[in-house]
There are 2 protein chains.
Amino acid sequence: MSERSGKRSELELRARAKVQRSGLRDLSFRSLADEVGVKSSSVHYYFPEKRDLAATLIRNYSNDFLLRLARVSSDNVSLISKLMTFVDLFEEAAADDKLCLCGMLAAELLALDKECRSLLEEFFKAAESWLVDVLHDHKSDVASSLPSTKLAAVMMSGLEGALLLDRVQGAGVHLQAQRQLISSLVISERRL
Amino acid sequence: MSERSGKRSELELRARAKVQRSGLRDLSFRSLADEVGVKSSSVHYYFPEKRDLAATLIRNYSNDFLLRLARVSSDNVSLISKLMTFVDLFEEAAADDKLCLCGMLAAELLALDKECRSLLEEFFKAAESWLVDVLHDHKSDVASSLPSTKLAAVMMSGLEGALLLDRVQGAGVHLQAQRQLISSLVISERRL
DNA sequence: GTCTATATACAGATAGAC
DNA sequence: GTCTATCTGTATATAGAC
């Protein structure tokens, strides 16, 4: 996403997918190198230490995620449509048997250095800010009495948790339930 | 919890805490043994392979969790009170900088064997069933139009996700937001 | 039951040839 | 940039003495 070609970006792409599926601890320089067809020392050439790789992954994921949100925030579409675009980002991960990269790393928080923790914090803050802004821009379409910041927190927690639980139980029921909850928090479209 | 004394239960207690904080992959027989003051081979005496330890941890956690729920389900208290007891179980983990054991292991799902995956599935199914039953028993106090199964899924996802995000951002804002959401889904207490 | 000792595998990381 | 080779640490797991 962030870069279009080269070994480096291929490494980042594969590493991202592996972390979203099984976590950072389960990602080794060796296994990553094997997937890309190089040796582990070549991976160290691009990412001297594992923390360098981790920080890069979070930065790229965060950029891609927020960029896709930014594309729709100024669109002339309904509130529910914008919120469902937000859910779609999680649905994509679920369809690929992945978690949100930052959700996965949040579970591994104690193994991360200070920089990675800050990057995670910024990701969640930015994602929730997007939600708050969208809710504010469509204030009259919000059916809930909860303040926007609380609604944003509820949606973010709910979606991260839904990815976690749907991997265990399959069938996508938790993500679907989150969609229904969000719909119920928004004034339904006026028809005809 | 499940057993009161002996090396075995001390190992289980320490192992549970470690997994809730940093996951199963980060738990080694050596580090666990060190904490309890024995050698790793002694841990193998009780739990021949790591999967045996993992399965035991899930079973014990699940039993303790569901037992505490069972204690309040027949109490003559309000719906919101029962639901807040449910949230309290997550709050305890958060206060100790832990995740729900099963939430943590859900993130590590791909590293678990079939038995552990089944046990996780049963835990989430049972916890949501408790919620469904409680909602059904207080049907007239439910303010949401969503069916009980969806509400249960929403609460479970939301709480698991809130633990994840509050560890990153501190301050317990996500768990607090979940409490407010749940309150808003229930008919408020009649006062006076 | 708990220990010492060890087998085997794999982790992150680095040095230096090409 | 990519490789071979290697260092060092740690993981799971087992054998066998006490």
Side-chain angles (χ1 to χ4, degrees), chain A residues 2-58 104-105 107-117, chain B residues 2-58 104-105 107-117:
Chain A
S2 292
E3 299 288 327
R4 320 255 136 245
S5 66
K7 268 279 106 116
R8 185 190 182 94
S9 56
E10 192 181 345
L11 287 168
E12 290 171 4
L13 203 75
R14 301 276 192 162
R16 182 196 286 195
K18 282 170 82 77
V19 171
Q20 287 187 252
R21 290 208 181 85
S22 51
L24 186 68
R25 273 218 58 162
D26 201 54
L27 172 73
S28 72
F29 279 77
R30 279 170 159 77
S31 67
L32 176 58
D34 284 351
E35 274 201 22
V36 178
V38 295
K39 294 297 173 181
S40 69
S41 50
S42 296
V43 182
H44 279 287
Y45 169 78
Y46 294 104
F47 309 99
E49 301 184 25
K50 203 172 185 180
R51 65 166 63 89
D52 302 313
L53 175 56
T56 298
L57 292 181
I58 304 174
M104 178 63 87
L105 292 177
E108 299 182 287
L109 191 74
L110 272 48
L112 301 180
D113 65 8
K114 225 166 63 173
E115 185 190 13
C116 288
R117 293 183 193 199
Chain B
S2 292
E3 298 289 326
R4 320 254 136 246
S5 67
K7 275 269 117 107
R8 184 189 183 95
S9 56
E10 192 182 346
L11 287 168
E12 289 171 5
L13 202 76
R14 301 275 193 163
R16 180 196 287 194
K18 283 171 81 78
V19 171
Q20 287 187 252
R21 290 208 180 84
S22 52
L24 186 68
R25 272 221 58 160
D26 201 55
L27 173 73
S28 72
F29 280 76
R30 277 170 160 77
S31 66
L32 177 58
D34 284 350
E35 274 200 23
V36 178
V38 295
K39 295 297 174 179
S40 69
S41 49
S42 295
V43 183
H44 279 286
Y45 169 78
Y46 296 103
F47 309 99
E49 300 184 27
K50 203 173 185 180
R51 66 166 62 88
D52 302 314
L53 176 55
T56 298
L57 292 181
I58 304 173
M104 177 64 87
L105 292 177
E108 299 181 286
L109 191 74
L110 272 48
L112 302 181
D113 66 7
K114 225 166 65 174
E115 185 188 14
C116 288
R117 293 183 193 199

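Each chain gets a letter, A, B and so on, in the order the sequences are listed, and its residues count up from 1.
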**Prompt:** Checking Ser31(B) side chain against Ser28(B) main chain: does a donor-acceptor pair fall under 3.5 Å?
**Reply:** yes
**Prompt:** Does a side-chain N-to-carboxylate-O contact under 4.0 Å join Glu12(A) and Arg16(A)?
**Reply:** no
**Complete:** Val43(B) and Phe29(B) have their tightest heavy-atom pair at CG1-CD2, 3.4 Å
**Message:** My understanding is that only residues two or more places apart in sequence, or in another chain, count here; which of them pass side chain to side chain contact (heavy atoms under 4.5 Å, CB included) with Arg21(A)?
**Reply:** Ala17(A), Asp96(A), Lys98(A), Leu110(B)
**Message:** Please list, in numerical order, the residues of residues 50-57 of chain B that have a heavy atom closer than 4.0 Å to any atom of DNA chain D.
**Reply:** Lys50(B)
Check nucleotides 1-5 of chain D for protein N or O atoms closer than 3.5 Å to its own N or O atoms and list the pairs.
from	atom 1	to	atom 2	distance (Å)
dG1(D)	OP2	Tyr45(A)	OH	3.3
dT2(D)	OP2	Tyr46(A)	OH	2.7
dC3(D)	OP2	Lys39(A)	N	2.7
dC3(D)	OP2	Ser42(A)	OG	2.9
dC3(D)	N4	Ser41(A)	OG	3.3
dT4(D)	O4	Ser41(A)	OG	2.9

**Fill in**
Closest non-hydrogen contact found for Leu11(B) with Tyr46(B) is CD1-CD1, 3.6 Å
**Prompt:** Between the main-chain N or O of Leu27(A) and the side-chain N or O of Lys50(A), is there a donor-acceptor pair closer than 3.5 Å?
**Reply:** yes
**Request:** With sequence neighbours left out, write down each residue that passes side chain to side chain contact (heavy atoms under 4.5 Å, CB included) with Glu115(A), or none if nothing qualifies.
**Result:** Ala55(A), Arg59(A), Asp113(A), Leu119(A)
**Request:** Figure out the NE2/P separation between His44(B) and dT12(D), and round it to whole Å.
**Result:** 7 Å
**Request:** Enter the distance from Cys116(A):SG to Leu24(A):CG here, rounded to the nearest 0.5 Å.
**Result:** 7.5 Å
**Request:** For Ser41(B), enumerate each residue passing the side chain to side chain contact (heavy atoms under 4.5 Å, CB included) test, keeping only those at least two apart in sequence or located in another chain.
**Result:** Lys39(B)
**Sorted by number, the residues of residues 17-36 of chain A with heavy-atom contact under 4.0 Å to DNA chain D** = none
**Request:** Calculate, to the nearest 0.5 Å, the distance between atoms CZ and OG belonging to Arg14(B) and Ser9(B) respectively.
**Result:** 11.5 Å
